[in-house]
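First the proteins, then the strands, lettered A, B, ... as listed; each starts at 1.
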Number of protein chains: 2
Amino acid sequence: MADVARAAGVSSMTVSRALRRDAAVNEETRAAILDAAERLGYVFDATAASLRARRTDFIAATIPSINNANFADTVRGLTDGLAARGYQVLLGYTNYDMAEEERLVEQLLRRRPEAIVVTGGRHTARTRTLLAKAGIPVVETWDLPDEPIGSVVGFSNADAVEAMVDRFVAAGFRRIAFLGGDAARDTRGTDRRRGFLRAMAKHGLDAARLIAGGTPPISMREGAAAMAALLDRLPDTELVICVSDLAAFGALTECQRRGLAVPETIAIAGFGDYDIAGISVPTLTTIDPFPREIGRRAAELILGLLDGTVTGPRIVAIMPQLRPGGSALLPDADGAGRANAETAQKSPSAP
Amino acid sequence: MADVARAAGVSSMTVSRALRRDAAVNEETRAAILDAAERLGYVFDATAASLRARRTDFIAATIPSINNANFADTVRGLTDGLAARGYQVLLGYTNYDMAEEERLVEQLLRRRPEAIVVTGGRHTARTRTLLAKAGIPVVETWDLPDEPIGSVVGFSNADAVEAMVDRFVAAGFRRIAFLGGDAARDTRGTDRRRGFLRAMAKHGLDAARLIAGGTPPISMREGAAAMAALLDRLPDTELVICVSDLAAFGALTECQRRGLAVPETIAIAGFGDYDIAGISVPTLTTIDPFPREIGRRAAELILGLLDGTVTGPRIVAIMPQLRPGGSALLPDADGAGRANAETAQKSPSAP
DNA sequence: CTGAAAGCGCTAACAA
DNA sequence: TTGTTAGCGCTTTCAG
């Protein structure tokens with residue numbers, strides 16, 4: 001910057017001002033400075049600026065896996081919302097491992113992000129402490145924790161599945177199985193399974209049809225293997241609710257390989273409204289948790305928290321929506337539209 | 001750090017040493033320091049350390065889209081390889097837009113990464129200049145550019161598709177169509193299409209069966225729409241090669257909806273070896289470009305370049321491999337194994 | 001093994 | 001509108 005200042009015949013402070021849009025600098029001077037900077041191949045050093053200004057323009061975010069379209073959508077919503085205001089997302093993934101999350105959070109906090117977004121509401125005690133003491137906005141997503149660390153943008157995975165089961169039971173299904181959600185590491189998966197169990201108990205139905213999916217995230221292939229196990233062990237099952245659309249699609253293919261008609265012989269439902277759900281034959285009955293919306297709302301919330309528009313933590317409830325498909329037929333009941341997409345109420349105070 | 005020093009009764013320099021593993025510090029002193037740091041909730045400030053030490057431990061990376069399993073795999077390979085040595089990947093996505101890439105690269109370079117990985121070999125002139133002048137290792141991936149900026153870890157998309165067409169022609173296919181690769185923004189897609197055209201010309205076949213896929217990345221849905229167009233316009237097509245497995249799967253579903261047998265009535269091939277390729281019914285004949293391996297190799301190369309083990313830029317050729325599936329049958333020819341995975345030659349000098 | 005001094009490249013705060 | 005001074009929180013360098 002000193003070099004640029006010299007070349008432009010001004011002080012480095014003027015260069016600093018010229019390089020930012022906000023400050024008041026004579027237009028000619030600014031032009032000369034920008035020209036000099038370009039000529040010299042000067043590249044601004046954000047590290048030094050961050051140290052001095054105590055603003056890094058970093059927002060940290062952790063997701064369980066980068067190879068998952070749902071979380072990728074959330075990251076997109078988040079990044080797009082924040083990039084517009086000059087923030088850079090510092091992303092890390094935890095491999096669905098809370099210990100790994102702890103390491104990652106600790107490392108990310110060293111970079112002095114101005115806010116941090118984490119996935120899920122369950123963390124190690126140390127992670128919670130680190131986050132709580134970081135002195136920056138914390139947003140937990142994809143869940144509705146009982147004791148939020150700070151803000152939340154999410155939904156209850158258990159409630160979403162429970163509501164789905166309610167619909168299926170009302171439609172006459174009785175012998176319903178749940179595929180996946182057995183791995184403790186995937187807390188959202190276990191929550192969905194819990195919602196299934198709760199719903200079945202509520203309706204007085206047998207909830208013993210539980211099929212393990214393996215290590216998270218359950219791939220299509222594992223979904224197929226689990227479906228094979230189910231068909232061998234409990235062939236009279238009427239409906240399989242899967243922990244995700246990927247597992248559901250794998251399950252669907254297993255039926256196709258065996259020549260079983262879906263949904264006639266056995267119905268299948270998923271979770272996540274992944275692309276595959278809308279294009280497979282048949283399409284998948286699933287639940288849309290609005291992943292992109294989660295990211296967008298988190299970004300919005302963070303911006304508000306940082307500029308003082310929003311004071312104190314907020315709980316933003318996302319309303320997952322059932323998307324009927326061909327893999328598990330439901331009589332249409334509610335004529336619901338996309339509640340969250342544009343209209344849903346913002347930050348209904350606390351839970 | 002001064003606070004910790006005071007609490008531990010040492011100078012801040014000793015704290016600095018204790019906090020790093022390398023430096024020589026009395027074990028008791030170190031323990032006392034770490035204890036004090038924990039008690040005080042001290043969090044190391046990487047920004048200040050970066051400024052002074054002129055080492056940010058950042059490696060920048062840009063990918064076209066975060067919602068793409070192929071690129072996500074590359075990022076995983078990269079991150080895993082680099083995290084082991086304490087580097088943090090600073091990730092951004094370009095939306096398949098070179099202008100956006102330019103903005104992103106400029107922004108990332110301000111963070112003073114120690115190396116930068118970009119996707120593809122085509123960039124704006126300014127991006128090239130920025131990268132070339134950055135004074136850090138530059139790695140272009142997923143391509144084999146004619147004029148690399150620095151190092152390369154990739155393969156020729158055109159050659160890969162050409163080789164695939166060769167195999168299909170040898171197997172007797174003649175009326176072959178190509179789906180996608182029409183959007184200039186997706187340079188890898190256009191390269192694949194070019195490989196198709198080149199191969200068809202070479203074999204004296206009609207290469208006019210080109211079906212537009214729309215804006216990249218082509219989704220499954222767009223693949224289905226394009227397939228519908230193809231079936232309407234050129235119903236006698238024997239084989240459709242798609243720009244990606246996602247498009248190929250969409251195309252497959254369109255056939256299923258129309259009751260057309262794949263591969264009997266029409267054969268379909270994809271590119272990318274996405275998860276869907278291995279599980280769909282039928283499985284997809286595709287090309288595996290070893291996305292994870294690309295990331296892993298890039299990480300390896302960067303580490304070598306940074307610690308001086310490797311001197312000067314390197315071209316690492318990845319050898320994509322045909323994966324025969326049920327969607328387009330091929331008589332088995334080569335009994336090739338996974339050339340790249342473990343063994344392939346490293347950095348065969350220049351291209 | 002430990003400490004003191006200096007400074008990384010920028011910007012806040014103040015002055016002109 | 002521009003400049004001066006000081007210092008962000010670390011680590012390099014040198015000395016002990």
Side-chain angles (χ1 to χ4, degrees), chain A residues 1-37 40-58 86 88 106-114 134-136, chain B residues 1-37 40-58 86 88 106-114 134-136:
Chain A
M1 196 176 259
D3 296 342
V4 176
R6 210 169 302 119
V10 295
S11 76
S12 63
M13 194 57 233
T14 303
V15 175
S16 173
R17 291 195 180 99
L19 259 30
R20 295 185 290 175
R21 349 170 38 288
D22 63 312
V25 178
N26 179 293
E27 267 316 316
E28 289 174 36
T29 314
R30 163 172 278 141
I33 289 170
L34 294 181
D35 181 61
L40 297 177
Y42 167 77
V43 176
F44 183 87
D45 188 329
T47 305
S50 296
L51 178 59
R52 173 65 238 223
R54 312 171 133 283
R55 288 197 66 211
T56 57
D57 289 339
F58 274 136
Q88 161 101 44
E106 187 158 18
Q107 206 198 314
L108 290 173
L109 289 178
R110 291 171 156 226
R111 301 287 183 179
R112 293 290 185 271
E114 298 179 37
I136 55 175
Chain B
M1 198 177 260
D3 296 343
V4 177
R6 210 169 302 120
V10 295
S11 76
S12 63
M13 194 55 238
T14 302
V15 175
S16 174
R17 291 196 180 98
L19 259 31
R20 295 184 290 175
R21 349 167 39 293
D22 63 311
V25 179
N26 179 292
E27 267 316 317
E28 289 175 36
T29 314
R30 163 171 279 141
I33 290 170
L34 295 180
D35 181 62
L40 297 176
Y42 168 76
V43 176
F44 182 87
D45 188 330
T47 305
S50 297
L51 178 59
R52 175 65 241 226
R54 309 173 134 283
R55 289 197 67 211
T56 57
D57 288 340
F58 275 135
Q88 161 99 40
E106 187 158 19
Q107 206 198 314
L108 290 173
L109 288 178
R110 291 170 157 227
R111 301 287 185 178
R112 293 289 185 271
E114 298 179 36
I136 54 174

Notebook entry, point to check: For the pair made of CG in A:Leu51 and P in C:dG7, what is the distance, rounded to whole Å?
Noted result: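 Roughly 16 Å, once rounded to whole Å.
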Check: Between atom CG in B:Leu19 and atom C1' in C:dC1, what is the gap in whole Å?
Finding: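 Taking atom C1' of C:dC1 as the reference, CG of B:Leu19 is at 17 Å.
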Note to self: Tell me whether B:Arg110 contacts the main-chain N or O of A:Phe44 through its side chain, where contact means a donor paired with an acceptor under 3.5 Å.
What the structure shows: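 No, the answer is negative, given that no donor and acceptor are paired below the 3.5 Å cut-off.
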Next item on the list: Apply side chain to side chain contact (heavy atoms under 4.5 Å, CB included) to B:Thr47 and list each qualifying residue two or more places apart in sequence or on a separate chain.
Entry: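 Applying side chain to side chain contact (heavy atoms under 4.5 Å, CB included) to B:Thr47 gives A:Thr47, A:Ser50, A:Leu51, A:Thr56, A:Arg112, B:Asp45.
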Margin query: Within the 4.5 Å heavy-atom criterion, are B:Leu109 and B:Ile136 side-chain neighbours or not?
Written below: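 Sidechains of B:Ile136 and B:Leu109: in contact.
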Notebook entry, point to check: Mind checking whether B:Met1 and B:Leu19 have side chains closer than 4.5 Å, heavy atoms only?
Noted result: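 B:Met1 reaches B:Leu19 side chain to side chain.
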Checklist line | Candidate nucleotides C:dC10, C:dC1, C:dG9, ranked by approach to the side chain of B:Ala24 - the nearest | finding: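 Among the listed nucleotides, the one closest to the side chain of B:Ala24 is C:dC1.
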Next item on the list: For B:Glu28, enumerate each residue passing the side-chain hydrogen bond (donor to acceptor under 3.5 Å, both in side chains) test, keeping only those at least two apart in sequence or located in another chain.
Entry: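 Once residues adjacent in sequence are excluded, B:Glu28 has no partner under the side-chain hydrogen bond (donor to acceptor under 3.5 Å, both in side chains) criterion.
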Margin query: Applying salt bridge (Lys or Arg N to Asp or Glu O under 4.0 Å) as the test, list every pair that has at least one member in residues 48-58 of chain A; sequence neighbours left out.
Written below: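 Applying salt bridge (Lys or Arg N to Asp or Glu O under 4.0 Å) to every pair that reaches into residues 48-58 of chain A, excluding sequence neighbours, yields A:Arg55-A:Asp57, A:Arg55-A:Glu114.
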Check: Pairs in or reaching into residues 8-19 of chain B: which pass salt bridge (Lys or Arg N to Asp or Glu O under 4.0 Å), with residues at least two apart or in two chains?
Finding: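 Non-adjacent pairs meeting salt bridge (Lys or Arg N to Asp or Glu O under 4.0 Å): zero.
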Item checked: Side-chain donor/acceptor contact of B:Arg17 with base of C:dG3 under 3.5 Å ->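 Checked by distance alone, the answer is yes.
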Checklist line | Below 4.0 Å: OP1/OP2 of C:dA12 and any side-chain N or O of A:Arg20 | finding: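 The answer is yes; a side-chain N or O of A:Arg20 sits under 4.0 Å from OP1 or OP2.
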Next item on the list: Please list residues of residues 6-14 of chain A whose heavy atoms come under 4.0 Å from any atom in DNA chain D, ordered by number; otherwise none.
Entry: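 Heavy-atom cutoff 4.0 Å gives A:Val10, A:Ser11, A:Met13, A:Thr14.
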Item checked: First-last contacting nucleotides on DNA chain D - partner chain A, under 4.0 angstrom, heavy atom ->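 On DNA chain D, the outermost contacted nucleotides are D:dT1 to D:dG9.
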Note to self: On DNA chain C, does the nearest nucleotide to A:Ser50 precede the nearest nucleotide to B:Val25 from the 5' side, or the other way round? Give the residue.
What the structure shows: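 So the residue in question is B:Val25.
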Margin query: If you assign each of B:Ala48 and B:Thr29 to its closest nucleotide in DNA chain C, which residue comes earlier from the 5' end?
Written below: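 The residue whose closest nucleotide sits nearer the 5' end is B:Thr29.
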Notebook entry, point to check: Rounded to the nearest 0.5 Å, how far apart are CD of A:Glu106 and CG of A:Leu108?
Noted result: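 If we round to the nearest 0.5 Å, A:Glu106:CD and A:Leu108:CG are 10.5 Å apart.
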